[in-house]
Engineer: 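Sharing a structure below in structure tokens format, with a few things to ask.
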Amino acid sequence: MRSLKSAILSAAVALGLAGAAQASEAVHIPKQEWSHSGVFGTIDKASAQRGFQIYKEVCSTCHSAKLVPIRTLAGIGFNEDELKAIAAGYEVQAGPNDAGEMFMRPGIPADRFPSPFPNDNAARAANNGALPPDLSLMAKARVGGEDYLYAFLTGFEENPPEGVTLMPGMNYNKYFPGHQVGMPNILMPDGVTYADGTPATVQQQAHDISTFLTFIAEPHMDARKQMGVKVILFLIVLAGLMYATKRKLWSTLH
Amino acid sequence: MAQAHAPQFKNPVVKWIDSRLPIFTMLDHEYNQYPMPRNVNYLWAFGAIAGIMLVIMIATGLVLAMQYAANTHIAFESVERIMRDVNYGWLLRYVHANGASMFFIAVYIHMFRGLYYGSYKAPREILWILGVFILLAMMATAFMGYVLPWGQMSFWGATVITNLFSAFPLVGDPIVTWLWGGFSVDNPTLNRFFALHFLLPFVLLGLVVLHTAALHVSGSNNPLGIDAKGPQDTVPFNPYVTVKDGFAVVVFLIFYAGFVFFAPNYLGHPDNYIPANPLVTPAHIVPEWYFLPFYAILRAIPDKLGGVLAMFGAIAVLAALPWLDTSKVRSCKFRPIYRQFFWILAIDALVLGYAGAMPAEGVWLLVARIGTAYYFFHFLILLPLLGKLERPLPLPASICEPVLKGGGRVAAGAHAKPMEKA
């Protein structure tokens, strides 16, 4: 019995190691420090607001975030007037009016972020055939989540390693699956000027935009975790009471 | 139920109804007085836990269905609307999505408990077979539910699984067209999957009622695998087992809540947050974790039809289990050799699950093939032979004997014969 158990264990360990060896062939995505990670972590609102600035000034020239209403930004600390001002900065198509025509009007917080292109084909036509993916869920739609986004945004290399020939119009990225990506290296030192005076290094920008994308992918994350702590504390107390009741009841049996 | 006596209801309304339609008497018999073997351990709580999971799934699913739109153009967006705009929609969806995994965890533990303690043996064969049908209905429901968000894994999972039926000669392709309602997975497929995903849980509920009815005929098995011989061997279901199961349910809910609130997407696949695109195939199409052992069996067989038959055979063989296991002794406690093979089977299932998550090539294909061969070897060859070859340990005379042996206060008149206990 004992020898059988140890044989099974060693087989399981061997399998686990083989699995780990295989996994290590894939590119390792370094973990970053996030204020929102962990059970008690919450979104860093200042960082997410800076991330929104990058989204607005940089990302949204090519990428849409069409599932996200502008009012969502209340969750990172913008007040109602600020939201109205942000929304009014966008032109939104509305209509048809009484004459049957579509028209443009300033955005309101209930509108979703307008997309830079009218449709996917237009987006491809403007981007060398590549389709810039929608960013609404980007932080949840890639293996590695926000760590991957950070790695991707800081993982561009001007010159690909020896032996790699880039296809025309493609760029080399250490972390992108296949390493060749249509998107160019877009984050430049001081490419944006932060209103709060934070130095806009590439790392800082990548961190901020990844925080922002995490927020828009899951706007209720903070509320979810806070409710989770309460629910689990309640359940632990309830379990203790149930166990005490069970012990008392069953002790009468013997 | 032999010791059941007619309850006296004090409430005149209850009394009036019960004398015309004895539902209160029935409930009292089945859930109040129902005699449970007093030695059942916490593994017996997983039946109750699975039942609770079904109720949670139906309740959350009903509310989600009120918000969801089964149309390929807006299905993905309607799920995101639930996540973002519906009050506590994120909670409902995460409870439902993780609930599917929790339901399978509970049912798989429940099944392995049945395997370990021989709960499928006479007179519980029909009870066990109903359980196999429950598993099938769960699998169909879970598969169709995973299609509804209409993400990349939804679409490609549906394509792969429905295409399996094309393996059957002659009728295969027409069956697939019929399943799809067209010539590819598309809007008609999504529509019917939604309709069936709504219907099947109620079929499941009906099967659970039958499963419970069959259970209450023979009574619950217990860790010793011997029959209860009288009231001294049992306790009334309520309050003893309701409280014990209640405690186990709460502990399970803590585990469940851990996923819902702190790792809600851990058991899912990131690709399903990308809207379905028939023109882009994901690098690896992987089913949900609870299908992985069966997926490994499917891919282990080099022939498509053979793979499909092996996969369904892996479940069908469970239905034949009461007759494949020739041993008269139920519990593994008294089957020293089978006990070891039980654990090998459990590890085999885990290894198959791991292999199912890996690309079907190289060493993982070999692992899946060995695992598949062993799975069928266990049920088709080992179990029939083992029942004849193995010498089981002597069985105790009754349930209360070993239970009370260590208890200190032995009831007067109980046997004090030393027991060989595994």
Side-chain angles (χ1 to χ4, degrees), chain A residues 1 4-5 8-9 11-12 15-16 18-19 22-23 38-39 66-69 72 133-134 136-145 148 177-178 216-221 223-232 234-236 238-250 252-254, chain B residues 38 76-77 80-81 83-85 88-91 94 151-152 235 239-240 243-251 253-254 256-258 260-262 264-265 268-275 283 336 339-340 343-344 347 350-351 354-355 357-359 362-364 367 403-404 407-411:
Chain A
M1 188 68 192
L4 179 85
K5 266 190 186 152
I8 290 166
L9 267 180
L15 279 172
Q22 188 155 40
V39 169
K66 59 189 175 192
L67 300 174
V68 185
T72 308
D134 186 78
S136 312
L137 286 162
M138 190 49 78
K140 292 204 285 188
R142 295 292 181 275
V143 176
Y148 168 76
I216 60 169
E218 184 109 16
H220 298 294
M221 182 168 67
R224 187 187 80 214
K225 288 183 185 173
Q226 281 154 15
M227 183 191 285
V229 170
K230 289 179 205 152
V231 166
I232 288 187
F234 168 80
L235 286 174
I236 287 173
L238 181 61
L241 291 173
M242 294 291 276
Y243 188 65
T245 313
K246 187 259 166 193
R247 282 290 296 259
K248 186 153 192 278
L249 189 67
W250 281 72
T252 61
L253 277 180
H254 296 293
Chain B
R38 62 192 293 162
F76 188 89
E77 208 184 308
E80 274 309 307
R81 228 175 217 294
M83 292 296 290
R84 289 161 193 273
D85 296 344
Y88 296 105
W90 56 269
L91 178 62
Y94 280 153
Q152 274 288 69
V235 291
Y240 293 98
V243 169
K244 194 174 176 179
D245 280 359
F247 169 63
V249 166
V250 173
V251 171
L253 287 179
I254 294 174
Y256 181 11
V260 168
F261 293 104
F262 301 111
N265 295 305
H269 199 289
D271 277 24
N272 229 27
Y273 280 111
I274 303 171
R339 186 166 62 218
Q340 305 198 16
W343 286 111
I344 295 179
I347 288 165
L350 293 177
V351 168
Y354 198 87
M358 293 288 142
V363 63
W364 289 112
V367 168
V403 167
L404 292 181
R409 273 179 281 162
V410 180

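Because the structure is a prediction, the values reported are computed rather than measured. Chain identifiers are assigned alphabetically (A, B, ...) following the order of the sequence lines, protein sequences preceding nucleic acid strands; residue numbering begins at 1 within each chain.
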Engineer: Quick one: of A/R224, A/K66, A/M138, who has the most non-hydrogen atom pairs under 4.5 Å with chain B?
Structural biologist: A/R224
Engineer: Counting heavy-atom pairs under 4.5 Å to chain A, which of B/V251, B/V249, B/N265 comes out on top?
Structural biologist: B/N265
Engineer: Measuring from atom OG1 of A/T252 to atom OH of B/Y240, what distance do you get when rounded to the nearest 0.5 angstrom?
Structural biologist: 4.0 Å
Engineer: Checking heavy atoms, do the side chain of A/V39, its backbone, both or neither come under 4.5 Å from chain B?
Structural biologist: both
Engineer: OH/B/Y273 to CD/A/E218 distance, rounded to the nearest 0.5 angstrom?
Structural biologist: 6.0 Å
Engineer: Minimum heavy-atom separation for A/W250 and B/R38, please, with both atom names.
Structural biologist: CZ3-O, 3.5 Å
Engineer: Below 4.5 Å from any heavy atom of chain B, which atoms of A/T72 appear? Answer side chain, backbone, both or neither.
Structural biologist: neither
Engineer: To check you understand the geometry: which heavy-atom pair defines the closest contact between B/I254 and A/A239, and what is its length?
Structural biologist: CD1-CB, 4.3 Å
Engineer: Sort A/I236 into side chain, backbone, both or neither according to what part of it lies under 4.5 angstrom from a heavy atom of chain B.
Structural biologist: both
Engineer: First locate atom NZ of A/K140, then atom CG of B/N272, and finally report the distance between them rounded to the nearest 0.5 Å.
Structural biologist: 11.0 Å
Engineer: Relative to chain A, which of B/E77, B/R84, B/M83 shows the most heavy atom pairs under 4.5 Å?
Structural biologist: B/R84
Engineer: Going from CE on A/M227 to OH on B/Y88, what distance comes out if it is rounded to the nearest 0.5 angstrom?
Structural biologist: 4.5 Å
Engineer: Examine whether an atom of B/V235 lies under 4.5 Å from a heavy atom of chain A, and if so say whether it belongs to the side chain, the backbone or both; otherwise answer neither.
Structural biologist: side chain
Engineer: Below 4.5 Å, heavy atoms only, C-beta onward: do B/F76 and A/L137 meet side chain to side chain?
Structural biologist: yes
Engineer: Got A/R142 and B/I274 here, is their nearest side-chain heavy-atom distance under 4.5 Å?
Structural biologist: yes
Engineer: Only pairs of heavy atoms separated by less than 4.5 Å count here; which of B/A248, B/P264, B/G246 has the most with chain A?
Structural biologist: B/P264
Engineer: Please rank A/M221, A/K246, A/Q226 by heavy-atom pairs under 4.5 Å with chain B and give me the top one.
Structural biologist: A/K246
Engineer: Please classify the contact between B/L91 and chain A as side chain, backbone, both or neither, with a heavy-atom cut-off of under 4.5 Å.
Structural biologist: side chain
